[in-house]
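Below is one structure, written out as structure tokens; comments come after it.
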Amino acid sequence: MKALTVQQPYASLIASGQKTIELRSWSTMYRGPLLIHAGKRLHSDYRNRLLPLLPRGVIVCVVDLVDVRPYHEGDRPNTFVKRRLLNGFFSWVLENARGTPPIPIDGHQRLFDVPVDVHVVT
């Protein structure tokens, strides 16, 4: 199964169904189930804030990647991103977030395949 590493708190926002668009500077032809892996670091916008303990270095949920399209300003409320001028980015449209028990694995850049010996309940 394919996975994507996302920094916290965004990974938890995806798992809760609140963040339905993930922004990336690159596109993919892949559509289908996608594991969301919470990276080990907090996103730079949140490093100086007191956040509850969020899971890191684990798979937190499964979503369905249903579309990847060029970003437009109307996507911004569903991204939780504060900055403007995101020209050239792609909106990865996520639906049907399903939580999983935390599964520790190493993250990677870009899409990656989860090893077959990792059992994920989808």
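Residues W26 and Y10 share a hydrophobic cluster, clusters being chains of Ile/Leu/Val/Met/Phe/Trp/Tyr side chains in contact below 4.5 Å. Residues I14 and V58 are members of one and the same hydrophobic cluster, defined by side-chain heavy-atom contacts under 4.5 angstrom among Ile, Leu, Val, Met, Phe, Trp and Tyr. A single hydrophobic cluster is not seen to contain both V81 and V93; linkage of ILVMFWY side chains at heavy-atom distances under 4.5 Å, directly or through other members, places them apart.
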Can you check side-chain contact (heavy atoms from CB on, under 4.5 Å) on D106 and K40, steps first, answer last? CA-CA 9 Å; D106 291 332; K40 291 184 180 179; 4.2 Å; yes
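Residue pairs meeting the salt bridge (Lys or Arg N to Asp or Glu O under 4.0 Å) criterion with at least one member in residues 3-16, sequence neighbours excluded, do not occur. Sorted by first then second residue, the salt bridge (Lys or Arg N to Asp or Glu O under 4.0 Å) pairs that include residues 24-37, not counting sequence neighbours, are E22-R24.
Here the closest heavy-atom approach between residue A38 and residue V60 is recorded as CB-CG1, 3.9 Å. Of all heavy-atom pairs between D64 and P33, the closest is OD1-CA, 4.0 Å. When every heavy atom of S91 is checked against every heavy atom of H72, the shortest pair comes out as OG-N, 4.5 Å. When all heavy atoms are compared, the tightest approach of R69 to D75 is NH2-OD1, 2.5 Å. A pairwise comparison of heavy atoms in A15 and A97 identifies O-CB, 3.8 Å as the closest pair. Minimum heavy-atom separation, Q18 to F80: O-CE1, 3.3 Å.
For the side chain to side chain contact (heavy atoms under 4.5 Å, CB included) criterion with W92, the lone passing option out of T28, T20, I21, L23 is T28.
The distance from atom OG1 of T5 to atom CZ of F112, rounded to the nearest 0.5 Å, is 4.0 Å. Separation of atoms CG (D67) and CD (E95) is listed at 9.0 Å; rounding is to 0.5 Å. Atom CZ of F89 sits about 10.5 Å away from atom OG1 of T79, to the nearest 0.5 Å. Rounding to the nearest 0.5 angstrom, the gap separating the CD1 atom in I36 from the CG atom in L4 is 5.0 Å. Atom-to-atom distance recorded for L13:CG and L94:CG is 12.0 Å, nearest 0.5 angstrom.
Under the rule for a side chain to side chain contact (heavy atoms under 4.5 Å, CB included), the partners of K2 that lie at least two apart in sequence or sit in another chain are Y30, L34, D113.
Under a 3.5 Å cut-off, the side chain of R98 and the backbone N or O of N96 do form a donor-acceptor pair.
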